[in-house]
Q: 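One structure, as structure tokens, below. Some questions next.
Throughout, numbering of the chain's residues begins at 1 and tracks the sequence.
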Amino acid sequence: DADDRIKFLNCAAEELTGWNAENAVGKSLREVLQIRNSRGARETINQMVKAEPSNQLAFMGKTLVGRNGVERLVIGSAAAIPDSLAASQGVVFAFRDISDLRKTETAVRKTKLLMTQANQELGCSVGRVLHKRSGPVAHLSDQMLQQIAAIPGGEKDYLQDIVKGC
């Protein structure tokens, strides 16, 4: 609302913030939405929205700290809610948790780096070595395949082919 107090929280917001709507309504926005920038400094997005000429704001790479201490990497947007005279009556927020996406991207980068380093150190195709799947190499191959199995999309197929020696 205009006093930066929570008026409504949907079920997705409950999950992200760790607050249920019953307990959050009436609390200050700053208490319920603990948002930090990439340096860890606390931000009040509702004040930034009100300062924007368009009364809208998109943000990326912010950390939302839930009531339970769980930190989630989020992207989202916020927009002021105008009254009939265009004065702000509050702010509406939309967040998307991208924590899993970031973990997947990191896993793909690490796996590619590991494979590149192994190729350079062995002086031959990692796939040919791992394909033998015997001794300590078999354990490494199995470990890599387990990590790769969690990666969605085309990257997964590409990396599996390398490990299997295709």
Q: Can you check side-chain contact (heavy atoms from CB on, under 4.5 Å) on Lys62 and Asn37, steps first, answer last?
A: CA-CA 5 Å; Lys62 304 291 183 192; Asn37 64 24; 4.1 Å; yes
Q: Within the 4.5 Å heavy-atom criterion, are Leu33 and Phe95 side-chain neighbours or not?
A: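 The answer is yes; the side chains approach within 4.5 Å.
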Q: Please report the interatomic distance CD(Gln34) to CG(Leu29), rounded to the nearest 0.5 Å.
A: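 Here the rounded value is 11.0 Å.
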Q: Measure the spacing between CG of Leu73 and CD1 of Ile98 and express it to the nearest 0.5 Å.
A: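 Here the rounded value is 4.0 Å.
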Q: Would you tabulate the side-chain donor-acceptor contacts of residues 65-72 under 3.5 Å, counting partners in other chains and residues two or more places apart, or write 'none'?
A:
unit_1, atom_1, unit_2, atom_2, d
Asn68, OD1, Val70, N, 3.2
Arg72, NH1, Asp97, OD2, 3.1
Arg72, NH2, Glu15, O, 3.3

Q: Are more than 12 heavy atoms, taken from residues, nucleotides or ligands other than Arg96, located less than 6.0 Å from that residue's CZ atom?
A: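 No, because the 6.0 Å sphere around CZ of Arg96 holds 12 heavy atoms or fewer from other groups.
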Q: Only pairs at least two apart or in different chains count here, so list each side-chain hydrogen bond (donor to acceptor under 3.5 Å, both in side chains) that has a residue in residues 20-29.
A: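 Pairs touching residues 20-29 that pass the test: Asn20-Asn23.
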Q: Which residues pass the side chain to side chain contact (heavy atoms under 4.5 Å, CB included) test with Ala24, not counting sequence neighbours?
A: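 Partners of Ala24 under the side chain to side chain contact (heavy atoms under 4.5 Å, CB included) test: Ile6, Leu9, Trp19, Val32.
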Q: Among residues at least two apart in sequence or on other chains, which ones pass side chain to side chain contact (heavy atoms under 4.5 Å, CB included) with Thr106?
A: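 Expected list: Arg102, Arg109, Lys110.
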